[in-house]
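Worksheet for the structure shown next.
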Amino acid sequence: MPSSPADTVSAHGGAMPVIGFGTSTLGDCGEIVATALRAGYRHIDTARKYGTERGVGEGIRASGVPRDAIFVTTKVSHEYLRADDFARSVEGSLTDLGLEHVDLLLVHWPNPQIPLRETMVALAKAKREGLTRHIGVANFPIVLLDEAVRLCPEPLVTDQVEYHPYLDQSKVLAACRRHGLILTAHCPLGRGRLMDDAVLGEIARRKGKTIAQVALRWSIQHHGVVPLPRSSSPERVAENLDIFDFALTDEEMARIRALKRPGGRIANPIGRAPAWDA
């Protein structure tokens, strides 16, 4: 059971801190990234599409935390999955981050217009050239995840997908476990939709915690699930990390799991989303 934010879960040689700080929509995020790192986060998630890579780099340098103590993830957007475009995107990310390499490089969304084999070869090449220590995918349903694992010349370590109590992702989690992968969880708080939930509220009151803390604890108690909460509030950033001094019972885990519902998916961009598993 994880006991601190520096604890890790492992997959195919990659050790990832059990909770990360997400930066989607945070814009000029240098100050809040530095705040997160000083609070104890050791895993920062960004993407070319977010426009936050420059701020993430500034936050890392301002934090005083050694680079080798921080796990940095970025992603190549779906428009740039051809081999030449892919390489240029990675170089642009490293330039904006001010880093020689990232710890994890992901394909942000699948693109059916570009052969997956070409993309997986480009992803593996980035690793072999030392631009990233580990590689993976994001928003890949099971059929595409299976294909990516088969086609990639280097081992993948994660599939980053939407994951929270309102969305049943048990099939994707099972597929990740079958492949020995970590499931990295974006939208772990349902973009705020969980905050008025009666069941989560009852459990939170019983534990002396917030609903967000209960939801994040629920994620990390699913072995191999790493949530990526985000906030622009320093108080909330620290609060979201304060989840290692309590545990949910089996009954509480089951009650939260039962909150899944039709229409629970949030990240479902028109024209870009694949055929989901549920």
Side-chain angles (χ1 to χ4, degrees), residues 1-23 33 36-47 53 56-57 59-60 63-76 90 93-94 97 99-108 120 123-138 140 145 148-149 152-161 163 169 172-186 188 216-230 240-245 247:
M1 190 72 68
S3 59
S4 85
D7 287 353
T8 61
V9 291
S10 298
H12 302 294
M16 180 188 294
V18 295
I19 188 170
F21 181 71
T23 62
V33 167
L37 289 167
R38 292 180 188 130
Y41 289 87
R42 291 297 178 264
H43 177 180
I44 305 295
D45 182 88
T46 184
E53 289 171 324
V56 166
I60 290 170
S63 70
V65 178
R67 166 65 183 99
D68 60 7
I70 306 169
F71 189 97
V72 180
T73 299
T74 196
K75 312 176 192 74
V76 177
V90 175
S93 290
L94 294 177
L97 286 162
L99 300 177
E100 294 182 355
H101 70 273
V102 292
D103 299 280
L104 179 61
L105 180 67
L106 305 180
V107 174
H108 201 160
M120 290 298 103
L123 182 63
K125 183 181 179 184
K127 179 182 178 183
R128 290 173 174 175
E129 292 180 346
L131 305 180
T132 182
R133 293 173 58 231
H134 308 290
I135 55 176
V137 296
F140 272 44
L145 178 62
V149 169
C152 193
E154 292 285 335
L156 305 179
V157 302
T158 193
D159 188 4
Q160 184 180 129
V161 298
Y163 189 91
Q169 289 283 50
V172 177
L173 179 57
C176 285
R177 288 173 172 167
R178 174 165 50 85
H179 289 298
L181 306 183
I182 299 161
L183 187 153
T184 319
H186 69 72
L216 292 170
R217 184 71 201 184
W218 178 82
S219 288
I220 67 168
Q221 281 191 214
H222 287 93
H223 179 69
V225 175
V226 172
L228 302 171
R230 71 171 190 262
N240 287 344
L241 201 61
D242 186 20
I243 59 173
F244 297 96
D245 60 351

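Not measured: the values here are computed from a predicted model. In what follows, every heavy atom counts, from backbone to side chain, and hydrogens, waters and symmetry copies are set aside.
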Practice problem: Run the numbers on Val172 and Phe140 for side chain to side chain contact (heavy atoms under 4.5 Å, CB included), then give the verdict. | Solution: CA-CA 9 Å; Val172 177; Phe140 272 44; over 6 Å; no
With a 4.5 Å cut-off on side-chain heavy atoms, are [Y] and [X] touching?
{"X": "His186", "Y": "Pro227", "value": "no"}
{"X": "Cys152", "Y": "Ile135", "value": "yes"}
{"X": "Ile70", "Y": "Ile60", "value": "yes"}
{"X": "Gln160", "Y": "Ile182", "value": "no"}
{"X": "Thr8", "Y": "Phe71", "value": "no"}
{"X": "Val137", "Y": "Asp159", "value": "yes"}
{"X": "Pro155", "Y": "His179", "value": "no"}
{"X": "Pro17", "Y": "Val226", "value": "no"}

Starting at [atom1] of [X], measure out to [atom2] of [Y] and round the result to the nearest 0.5 Å.
{"X": "Ile243", "Y": "Ile19", "atom1": "CD1", "atom2": "CD1", "result": "4.0 Å"}
{"X": "Leu228", "Y": "Thr23", "atom1": "CG", "atom2": "OG1", "result": "9.5 Å"}
{"X": "His101", "Y": "Arg133", "atom1": "NE2", "atom2": "CZ", "result": "6.0 Å"}
{"X": "Leu94", "Y": "Thr74", "atom1": "CG", "atom2": "OG1", "result": "8.5 Å"}
{"X": "His12", "Y": "Leu181", "atom1": "NE2", "atom2": "CG", "result": "5.0 Å"}
{"X": "Leu183", "Y": "His223", "atom1": "CG", "atom2": "NE2", "result": "12.0 Å"}

Looking only at non-hydrogen atoms, find the nearest pair between [X] and [Y] and report the distance.
{"X": "Ala39", "Y": "Leu241", "answer": "O-CD2, 3.3 Å"}
{"X": "Pro229", "Y": "Asn240", "answer": "CB-ND2, 3.8 Å"}
{"X": "His108", "Y": "Ala47", "answer": "CE1-CB, 3.6 Å"}
{"X": "Leu104", "Y": "Gly136", "answer": "CD1-N, 4.0 Å"}
{"X": "His222", "Y": "Arg177", "answer": "C-NH2, 3.9 Å"}
{"X": "Leu123", "Y": "Leu105", "answer": "CD1-O, 3.6 Å"}

Quiz item: Side-chain donor-acceptor pair under 3.5 Å between Thr158 and Thr184, yes or no?
Solution: yes
Quiz item: Between Thr46 and Glu53, does any side-chain donor sit less than 3.5 Å from a side-chain acceptor?
Solution: no
Quiz item: Is the shortest side-chain N to carboxylate O distance from Asp7 to Arg42 below 4.0 Å?
Solution: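 The answer is no: the pair does not qualify as a salt bridge.
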Practice problem: Please determine if Asp45 and Lys75 form a salt bridge, counting it only when a charged side-chain N lies under 4.0 Å from a carboxylate O. | Solution: yes
Self-check item: Partner set under side chain to side chain donor-acceptor pair (under 3.5 Å) for Asp242, not counting sequence neighbours
Solution: Lys209
Exercise. Measure up the Tyr163 and Trp218 rings against each other and bin them: parallel (under 30°), tilted (30 to 60°), perpendicular (over 60°).
Key: parallel
Exercise. Kindly determine whether Cys176 and Leu145 satisfy side chain to side chain contact (heavy atoms under 4.5 Å, CB included), including the steps that lead there.
Key: CA-CA 8 Å; Cys176 285; Leu145 178 62; 4.3 Å; yes
Quiz prompt | All ring-ring contact (aromatic ring centres under 6.0 Å, His included) counterparts of His134, not counting sequence neighbours | solution = none
Quiz item: Considering residues at least two apart in sequence or located in another chain, which fulfil the salt bridge (Lys or Arg N to Asp or Glu O under 4.0 Å) criterion with Arg178?
Solution: Asp146
Quiz item: Going through the checks in order, is the salt bridge (Lys or Arg N to Asp or Glu O under 4.0 Å) test met by Asp245 and Arg217?
Solution: CA-CA 10 Å; Asp245 60 351; Arg217 184 71 201 184; over 6 Å; no
Practice problem: List the steps and the verdict of side chain to side chain contact (heavy atoms under 4.5 Å, CB included) for Met120 and Val107. | Solution: CA-CA 9 Å; Met120 290 298 103; Val107 174; 3.9 Å; yes
Quiz item: Testing Val90, Thr73, Leu97, Val56 for side-chain contact (heavy atoms from CB on, under 4.5 Å) with Val102, which one passes?
Solution: Leu97
